[in-house]
Amino acid sequence: MDFIIILQNLLNGFGNTVLLFAITLIAALPLGLLIAFGSMSKFIPIKAFCRGLVWVIRGTPLLLQVLLVTLVPFYVFNIGNTEIISFLGIKMKTLLFSYACLAFIINYGCYFSEIIRGAIESVPKGQFEAGKVLGMTKGQIFRKVILFQVIKKSLAPASNEIITLVKDTALASIAGVIELYTSAEHLVNQFIVLTPLLYAAIFYLIFNGVLTLLFAYLEKKMSFYKE
Amino acid sequence: MSFFEVKNIYKSFGNAQILKGINFTLEKGEVVSIIGSSGSGKTTLLRCLNFLEFADMGTINIGGEEIYNAQKNYNDAELRANRLHFGLVFQSFNLFPQYSALKNVQLALDLQTKERLQKQKASKAELKEALAKNMQIATDLLEKVGLGNKIKNYPCELSGGQCQRVAIARALALKPEILCFDEPTSALDPELTGEVLRVIKDLRSAERGMVIVTHEMEFAREVSDKIIFMADGVIEEMGAPEQIFENPTRAKTKSFLKNYVHR
């Protein structure tokens, strides 16, 4: 019986982990592209802002960032969480989850932006020039010529980051999100056994195993050309 | 008045004055080769003609129309339109690696077709027809450069000489009035230069003028109507191939050519 309860709780936690993972990934990739463009901007204030943001976000622990995001409404704007949930008509659980999402999206957006920036800058200048002399617009050059090469170049470093993201979801516990790791920890305290942690490890491993296979597949798909 | 007129082009990078007043003209159907040692400004001149760099001074006219004047500012759309008078074949090909040879040749043409037809609010069927026509144009061009059997191949599957021939077809697809070559064989193994030079020779046509920066003296002599010898940012000597190669008048030309003969 205990096993069933443990499994159920872990699955609930795992659901939150997957959700946080998916939301972060979907939002952080375009945000990363945006920050990458900003960091390469010729307009100095935008460039300085983006580089500064990346410096701060990469230079401080994600755990601290998650905590800060949950504290900002109260300590900066003097609005309590209970007021927010009654105003928005959402559950406290949802609000805390949103805080975690926000912190994760910004954090991973910054990491992705550096991967994307590196990839864009490593595309040979000749590719841009070839597009120009063929009368393409800047947008056409980026979409039709550069983007695919950037995706290919980003794939390996991004997969590394994405696998780290799976494990980093555990840090959302500081915001009060009960994801896989936290639910395992609660079960350890409840049943005074260590096995839930082992099960949690297996969940993480399987998830990352699937991702690893997926990335291997994508890399193979994109290996139809070499530079 | 000539078809293509380059007047008084100056260009510097920081303190280095690269081009110091370049003047030359070219008619449609003519070929001019630019020779000279490295650092003489040949490539910079070509890049200024294609607006990859912007001359600090001078004007460029095509067909009596001024398409560049260093004193004026041009927006992106104007630059794009003016660039289309020119084609450029790069030393390092710069093919798009993720596209087949055919798609490389077709891409810019397709983008233009789409843009034009969208403006005209053309139907999907018309667009499809126009794109099919582009594909035919691209296929024909690849056949013309001797790659009819490689249209589906990616650049990484082709030899350097084949890549450069694809790049030539790509430049031709937009029907430039002035086709420029920036040392088209310098990145190739010696045994592959012949096929590329043969293709360039065959491109001589009344439809276009060609400007070729090259180190292949024999080729330049054979293919050109006019030779420009550049040294230190100026045109040191300009004339018919026989005159430049057999009776150079300037000391710098003589010593440059002597080094080439003795190589």
Side-chain angles (χ1 to χ4, degrees), chain A residues 29 33 36-38 40-44 46-47 115-159 215-227, chain B residues 43 46-47 49-53 75-101 103-112 114-116 152-158 163 166-167 170-176 178-180 182 187:
Chain A
L29 283 171
L33 189 62
F37 280 134
M40 292 184 295
S41 171
K42 283 184 190 131
F43 187 57
I44 301 293
I46 290 184
K47 180 174 169 168
I115 291 174
I116 294 169
R117 186 174 67 86
I120 292 176
E121 286 178 350
S122 73
V123 173
K125 221 175 89 204
Q127 293 287 308
F128 295 88
E129 292 185 346
K132 272 192 200 172
V133 297
L134 289 169
M136 295 187 202
T137 63
K138 279 182 188 147
Q140 286 171 341
I141 294 174
F142 186 76
R143 287 194 313 275
K144 300 288 179 182
V145 178
I146 307 301
L147 186 60
F148 191 86
Q149 300 184 47
V150 167
I151 293 173
K152 180 170 160 133
K153 281 171 192 279
S154 303
L155 200 58
S159 69
F215 287 123
Y217 170 77
L218 287 176
E219 255 179 68
K220 206 174 155 211
K221 267 268 171 193
M222 296 185 100
S223 66
F224 66 90
Y225 81 86
K226 287 186 217 60
E227 302 246 313
Chain B
T43 294
L46 269 200
R47 290 173 64 84
L49 296 185
N50 285 275
F51 310 122
L52 289 175
E53 309 286 351
N75 63 32
D76 279 356
E78 288 166 332
L79 275 179
R80 257 183 88 205
N82 290 343
R83 259 194 198 114
L84 287 175
H85 292 286
F86 299 93
L88 175 61
V89 174
F90 297 87
Q91 183 178 349
S92 49
F93 332 135
N94 295 340
L95 291 179
F96 306 133
Q98 73 268 40
Y99 293 131
S100 66
K103 181 87 196 217
N104 261 284
V105 178
Q106 210 185 330
L107 180 66
L109 207 54
D110 282 353
L111 290 172
Q112 282 184 7
K114 280 180 197 160
E115 234 173 291
R116 196 183 65 237
K152 292 227 167 76
N153 288 74
Y154 290 93
C156 61
E157 299 164 339
L158 301 174
C163 279
V166 175
R170 183 175 71 171
L172 285 170
L174 296 176
K175 293 207 168 73
I178 301 291
L179 183 53
C180 303
D182 184 14

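All of these numbers come straight from a predicted model, not from anything done at the bench. Letters A, B, ... mirror the listed sequences (proteins, then strands); counts begin at 1. Computation of the quantities below employed the complete heavy-atom set of this structure, encompassing side-chain atoms and omitting hydrogens, waters and symmetry-equivalent molecules.
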Is E115(B) salt-bridged to R80(B), going by a charged N under 4.0 Å from an acidic O? yes
Heavy-atom cut-off 4.5 Å, strictly under: side chain, backbone, both or neither for F96(B) against chain A? both
Using non-hydrogen atoms and a 4.5 Å limit, figure out which bit of K152(A) sits close to chain B: side chain, backbone, both or neither. neither
Rounded to the nearest 0.5 Å, how far does CG of L155(A) lie from CD1 of I115(A)? 10.0 Å
In sequence, state the C-alpha distance, the side-chain angles, and the governing distance for F148(A) and M222(A), and then conclude on side-chain contact (heavy atoms from CB on, under 4.5 Å). CA-CA 9 Å; F148(A) 191 86; M222(A) 296 185 100; 3.7 Å; yes
What part of L79(B) is in contact with chain A, defined as an atom under 4.5 angstrom from a non-hydrogen atom: side chain, backbone, both or neither? neither
Out of L52(B), L174(B), L84(B), return the one with the most heavy atom pairs under 4.5 angstrom to chain A. L52(B)
Hey, are E129(A) and R47(B) close enough for a salt bridge, meaning a charged N less than 4.0 Å from a carboxylate O? yes
Atom group of Q140(A) that falls short of 4.5 Å from chain B, counting heavy atoms: side chain
Picking from S100(B), C156(B), P155(B), what satisfies side chain to side chain contact (heavy atoms under 4.5 Å, CB included) with Y225(A)? C156(B)
Tell me, side chain or backbone of Y99(B) under 4.5 Å from chain A's heavy atoms, or both, or neither? side chain
Chain A interface, residue from P176(B), A171(B), C180(B), P97(B) that has the most non-hydrogen pairs under 4.5 Å: P97(B)
Residue F224(A) versus chain B: region with a heavy atom under 4.5 Å: both
Highest number of heavy-atom pairs under 4.5 Å with chain A among L107(B), L111(B), N82(B) belongs to L111(B)
For each of L95(B), L109(B), N50(B), tally heavy-atom pairs with chain A at distances under 4.5 Å, and name the one with the top tally. L95(B)
Keeping R83(B) on the side-chain end and L134(A) on the backbone end, is there a donor-acceptor pair under 3.5 Å? no
Atom pair CG (L179(B)) and NE2 (H85(B)), whose distance is rounded to the nearest 0.5 Å: 15.0 Å
